[in-house]
Every structure is written in structure tokens, then in C-alpha cells.
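Small disclaimer: the values here were computed from a predicted structure and weren't measured. Remember, it's 1-based here, ligands and their atoms both numbered in the order they're listed.
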Amino acid sequence: MKRRNFIKNSAAGTAGIISAPLLASCEDKKNTAKESAATTSVKPIVIATWDVENATAKAWEVLNKGGSALDAVEQGVMMEEADVNNQSVGKGGRPDRDGNVTLDACIMDKDSNCGAVVYLQNITHAVSVARKVMEDTPHVMLAGKGAEQFAYEKGFQKENLLTEKSKQEWLEWAKTSKYEPIINIENHDTIGMLTIDSNGDMAGACTTSGMAYKIGGRIGDSPIIGAGLFVDNEVGGATATGVGEEVVRTVGSFLIVELMRQGKSPQEACEEGVRRILAKNKNKPDFQIGFIAMNKKGETGAYCIHPGFSYRVFSELGHTNTPSNSHIKA
Ligand code: ASP
């Protein structure tokens, strides 16, 4: 498994960042919003789950040219959706147990607008369909055939998402699997991304082909706002990867943002998010969960669990502010 490094990539120059008080209590939320809008020294930054250098580089390119946080997350994660070597996202993703590649994605902007698609087939850029749901419909989420039909109406092209490689691996799996999905293997590497643009505004996106060889129709956390992704432009954002069922039942990303709102750092909030999940899984075999988070100051945090296996969390592009490796055992 190539993607064991749980990486956050951030842009050069995030060390200085903003001075406005940004972790607000409910009472001073309004003032804080005004102050942060007035902040001029914000430095763009992007963080993403896993070692997705092309995706973070693309998002950074958008931000560096003065593009919006929203454009940056969309274009950033699209890189992974189009990359057939990433078998957890978009085209080339591993199929469900019946051999169908089904995609889940969501996106959220600075004004808490959000869009999502679930069980989307035959379209590579699920995140862009999710953005269209957000911007062009009164809805938040479209599923299955309806989502696919909507995508065609919006000009998306039909594509076969099942590559030969993923097909052959699935056929191998099917020989011995007894048709039973296994939840703990490292066959899922959703990309979640959070950005801050030069206006100090935040956005997030999350996109996945979900758990490999899942039961047809299974949806994880990734397209569910609050679970796989949550952004509150007054506070910060969080996104998840790993066993979606666990993230959904703790509303993980929302929890982490709320913990940041209460004053926890992104790192503390991610650790607490993982701890909550562990506390509910004392007797379960090992499984994998990772969260990343970023607050409005551009401070970042990441925490993962995979008992018996550690994930690295680090920054690149010259950052010295490197969080230590962290993993905890159930
Ligand atoms: N969270 C995703 C899901 O449960 C899988 C992953 O992160 O790779 O569908």
C-alpha cells in the first residue's frame, strides 16, 4: 500500500499568518467574523489527507494566483479523481463487490453552502458534480441515477471508471472473498482537502470511491457534510479518511470544528476526534481513521489511528513546523 504516509502539505509562508482572534465563542462570533474579514495578512494554505502531491500543488497554484479557496479545493482533488493510479478516488477506483465503481464526494464553501453526490457512476469528477449541486440546485445531495443524469445535463461526459488493473484485482478478490467486504484492510484512501485563500476564506472538499468491494449501495462518511467534511469559515475545517462508518457515527468532522470553536487547536481537536471513536470501539479489531483540520489562523493538525501501524504527519514546501508522528492503539 503506497499511501501510508498521512501527509499534510502546506504552502510556504504559513508561519506568519493572521493576527485576528479567530477561535470564537458563540457570543463573540459576529465580532470575530468582522475582524477576520478585515485581516489583510492572511497567507493561503492547503492541506490534504495522504501523500497527494499533485493535488496539493494544483490547489496551491490556484491559491497562489489569487484564486478562491473553493476553486482550489475543487481543482486540487480533481487531480486525484483523474489519476487512475489512485485506486481509492475517481477513475481507477476499486469497485464494489459486484464490480461497479461508485463515487461519493462533497464540497463546502466559505458561506456554509455545500453540495454532495453519492453512489455516482460513470463520471470521473464527482467533486465537480457536487459543486454543481451546490451552485445550481436548491438541494445539498443527489444520489445514484439522479446524480448521474444531473451530471449529463450539466455537460459531464460518461466514462468507464473501472480500469483493467482495478478489474483484475477485484476478480482476484472475488475468488476467495466469499462475497464479504472486509473493513480493516488498507484499501481506502479518500482525499480530503482544506484551503484558505488570500482573502482568508476557507473551503473544503472530500472525494472517494469508498471502501473497496463494499456492498452495492454502501455510502461512507466522505460525502456526508459533518462526517467526512465540515467547514465553518468563522472557525476552521476538518476532513476525514478511513472507515467511514466510524466517522459517521461520531459526526467526526463537525465534532472537530466544534472543538476548535471551543478553543482547541486543530491538533488537539483531531486527537479528541480519534479518541471518541476509539472509546466506542474497545472490542473491535484494528481499523483506520485519520482526520486533518485547519483553523482560520492557518494552524493545522492531523491525527491517525491504525493500531500496530503508525502514520506519519508532516508538512512540506519548506515548513519547519512539523507535527510529530502520532498513532495510538485501541
Ligand atoms: N472514508 C471512506 C469511506 O468510508 C474511505 C476512505 O477514507 O478511504 O468510504
- Note on the structure: Closest to atom 3 (C) of ligand 1 (heavy atoms only, candidates Arg218, Glu246, Lys214, Glu245) is Arg218
- Message: With a 4.0 Å cut-off on heavy atoms, is Gly242 in contact with ligand 1?
- Response: yes
- Message: Which of the numbered atoms in ligand 1 are under 4.0 angstrom from any heavy atom belonging to Asp221?
- Response: 1 (N), 2 (C), 3 (C), 4 (O)
- Message: Among Asp136, Asp71, Asp109, exactly one meets side-chain hydrogen bond (donor to acceptor under 3.5 Å, both in side chains) together with Arg131. Which residue is that?
- Response: Asp71
- Would one find an N or O of Gly210, backbone or side chain, under 3.5 Å from an N or O of ligand 1? no
- With atom 6 (C) of ligand 1 as the reference point, say which of Val243, Ile191, Thr190 has the nearest heavy atom. Thr190
- Task: Report the relative orientation of the aromatic rings in Phe254 and Phe230; use parallel for angles under 30°, tilted for 30 to 60°, perpendicular for over 60°.
- Result: perpendicular
- Query: Numbering the atoms of ligand 1 from 1, which are under 4.0 Å from a heavy atom of Met211?
  - Reply: 9 (O)
- Report, in ascending order of atom number, the atoms of ligand 1 lying under 4.0 Å from any heavy atom of Ser222. 1 (N), 2 (C)
- Query: Thr241 heavy atoms, cut-off 4.0 Å: which ligand 1 atoms fall inside?
  - Reply: 6 (C), 7 (O), 8 (O)
- Query: Side chains of Glu148 and Asn122: closer than 4.5 Å at any heavy-atom pair?
  - Reply: yes
- Query: Where do Glu258 and Gln262 land on the side chain to side chain donor-acceptor pair (under 3.5 Å) test, with the steps shown first?
  - Reply: CA-CA 6 Å; Glu258 288 309 297; Gln262 290 162 23; 5.3 Å; no
- Query: Do Phe156 and Thr124 have side-chain heavy atoms sitting under 4.5 Å apart?
  - Reply: no
- Message: Please tell me whether Val101 and Val118 are part of a single hydrophobic cluster in this structure, the criterion being side-chain heavy atoms less than 4.5 Å apart.
- Response: no
